[in-house]
Amino acid sequence: MKGKKIIVGISGGIASYKSAQLVRLFVQADVLTRVAMTQNATRFITPLTFEALSGNRVIHDMFDREGTSIEHISWGQEADLIIIAPATANIIAKMANGIADDFLSTMVIAATAKILICPSMNNRMFMNPALKHNLSLLKERGMTVMEPGEGELACHTEGPGRLPEPADIFEQALILLTEQDLKGLNILVTAGPTAEPIDPVRYITNRSSGKMGYALARAARRRGASVTLVSGPTSLKPPFGVKFRSVKTTEDMMRSVFDNRPDTDIIIKAAAVSDYRPRESASRKIKKKSDSLSLELIKNPDILAQLGSTKKDFPCLLVGFAAETEDLLANAREKLRTKNLDMIVANDISRNDAGFETDTNVVKLIYVDGKVEDLPLMTKDEVADLIIDRLKSLKENNNT
Ligand code: CTP
């Protein structure tokens with residue numbers, strides 16, 4: 001993403017206030033961001049806002065004479081991506097019909113950059129057949145159209161038409177700017193803890209935040225894989241573009257993993273699964289009648305071990321995580337062997353900067369041939385990208 005050049009094109013809709021957040025996300029990611037606005041957009045939000053956020057001059061007047069080159073031509077050719085957000089029915093109709101009557105529509109018609117359209121309008125406008133036809137024309141010409149969100153709109157009606165959240169537009173842009181080297185691969189990731197109920201109020205769980213698993217799902221999706229994320233309870237938002245399956249207990253997770261297993265090429269089990277559950281879960285709240293309380297726990301199934309023992313029936317790469325406080329390598333190697341894995345990611349969870357809840361991680365990647373790759377301290381996003389790189393190579397070697 002760093003070093004890429006994008007243009008945010010803003011047309012005159014009430015959702016243009018959300019474009020300020022979008023521009024901010026790109027600037028934070030070190031992306032050179034330029035903003036082009038229609039005259040109507042400037043009635044909703046001022047160019048000054050975007051000049052301050054992007055650090056660049058904003059153009060909203062075709063006959064702006066400040067620039068040095070013919071900017072309605074050069075901008076769209078220098079950029080990697082143009083995002084029209086919000087895209088009103090009017091700019092969509094102009095783009096579909098080749099109308100170039102202001103800076104934004106003229107720049108778009110001369111552009112060589114990829115184009116992402118983020119519609120935002122009243123739900124009746126969005127369902128209008130002319131609008132639908134225009135959008136399908138633009139898709140046929142290779143542009144990407146994001147589905148608008150549903151819900152209460154600024155005009156106090158309900159339905160489709162809401163501008164997608166800036167974080168989702170950002171993620172979709174990232175997908176368009178990233179090499180799709182995992183296209184055609186189906187990847188299943190598990191993440192987060194599982195939670196085993198004691199009674200309707202209490203449960204047993206662990207400290208897993210889900211961050212590593214979510215980072216893996218996001219990295220694989222960005223690179224073009226079709227991703228299913230099976231997640232225990234976390235406070236994280238499901239990554240954009242993944243098929244999300246929410247589960248609670250280990251048994252729920254096992255069902256979901258096995259349901260999604262056919263046609264999966266790679267399974268990454270980053271979840272911290274509860275090894276035990278209460279023998280019985282009380283149907284009513286347990287009252288504090290006595291001074292002590294004993295819970296009898298019984299063993300949960302080992303999902304990964306069951307996947308490993310039946311691998312020949314469903315050939316796919318199996319990747320586990322080993323969360324350890326001591327004897328990291330020996331314990332991880334043992335899990336790699338007994339669960340019949342292709343790779344294990346060994347995590348020393350006694351460190352403050354690795355393992356549960358942190359944004360960083362320090363891991364060792366251990367392979368079947370005994371090779372160990374020691375990775376330095378990295379963000380979980382960086383670790384995820386590197387794990388995905390290694391899995392891609394393993395997959396290619398398996399296929400040759
Ligand atoms: N795992 C699983 N099902 C379980 C327990 C673990 O699928 N019931 C998976 C985890 O998702 C992880 C790997 O097995 O990928 C190792 O999990 P970990 O908790 O480190 O080890 P355990 O096998 O549970 O062994 P122990 O708790 O004794 O270290």
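All heavy atoms count here, side chains included; hydrogens, waters and symmetry mates do not. For ligands, and for the atoms within them, numbers begin at 1 and follow the listed sequence.
Ionic pairing of Arg221 and Glu171 is not present here: no N-O contact between side-chain nitrogen and carboxylate oxygen is shorter than 4.0 angstrom. Ion pairing between a basic and an acidic side chain is recognised when a charged N comes within 4.0 Å of a carboxylate O; Asp353 and Arg351 show such pairing. Between Asp30 and Lys4 there is no salt bridge, since none of the side-chain N atoms of the basic residue sits less than 4.0 Å from a carboxylate O of the acidic one.
Which parts of ligand 1 touch Ala322 is read off a 4.0 Å heavy-atom cut-off, strictly below it: atoms 20 (O). The ligand atoms of ligand 1 that sit less than 4.0 angstrom from a heavy atom of Lys339 are 1 (N), 6 (C), 9 (C), 13 (C), 14 (O), 16 (C), 22 (P), 23 (O). Distances below 4.0 Å separate heavy atoms of Leu304 from the following atoms of ligand 1: 2 (C), 7 (O), 9 (C), 13 (C), 14 (O), 15 (O). Near Ala323, meaning under 4.0 Å from one of its heavy atoms, ligand 1 places the atoms 20 (O). Residue contact check: Gly320 has heavy atoms under 4.0 Å from atoms 15 (O) of ligand 1.
Remark: minimum distance from atom 10 (C) of ligand 1 to any protein heavy atom is reached at Ala271 O, 3.5 Å. Among all non-hydrogen protein atoms, the one lying nearest atom 3 (N) of ligand 1 is Ile303 N, 3.1 Å. Residue, atom and distance of the protein heavy atom nearest to atom 2 (C) of ligand 1 are Asp302 OD1, 3.4 Å. Nearest protein neighbour of atom 27 (O) of ligand 1, counting heavy atoms only, is Asp275 OD2, 3.0 Å. The protein heavy-atom contact nearest to atom 20 (O) of ligand 1 is Lys335 NZ, 2.9 Å. If you check which protein heavy atom lies closest to atom 17 (O) of ligand 1, you get Phe321 O, 3.6 Å. Atom 15 (O) of ligand 1 has its closest protein heavy atom at Lys269 O, 2.7 Å.
A distance-only check finds a donor-acceptor pair linking the side chain of Thr205 to the backbone of Thr194 [under 3.5 Å]. Proximity of a side-chain donor or acceptor of Ser19 to a complementary backbone N or O of Leu22 within less than 3.5 Å is not detected. Side-chain atoms of Asn186 come within 3.5 Å of backbone N or O of Asp263 as a donor-acceptor pair.
If you look at Ala272 next to ligand 1, there are no close heavy atoms at all, none under 4.0 Å.
A cation-pi contact, defined as under 6.0 Å to the ring centre and within 45° of the axis, is absent between Lys237 and Phe244. The cationic group of Lys211 does not satisfy the cation-pi geometry with Tyr214, failing either the under 6.0 Å distance to the six-membered ring centre or the 45° limit from the ring axis.
Of the candidates Leu317, Val319, Ile266, Met343 forms a side chain to side chain contact (heavy atoms under 4.5 Å, CB included) with just one, namely Val319.
Ile303 CD1 to Arg255 CZ: the interatomic distance, rounded to the nearest 0.5 Å, is 10.5 Å.
Under the 4.0 angstrom criterion for non-hydrogen atoms, Asn300 is not in contact with ligand 1. Ligand 1 has at least one atom lying under 4.0 Å from a heavy atom of Pro301.
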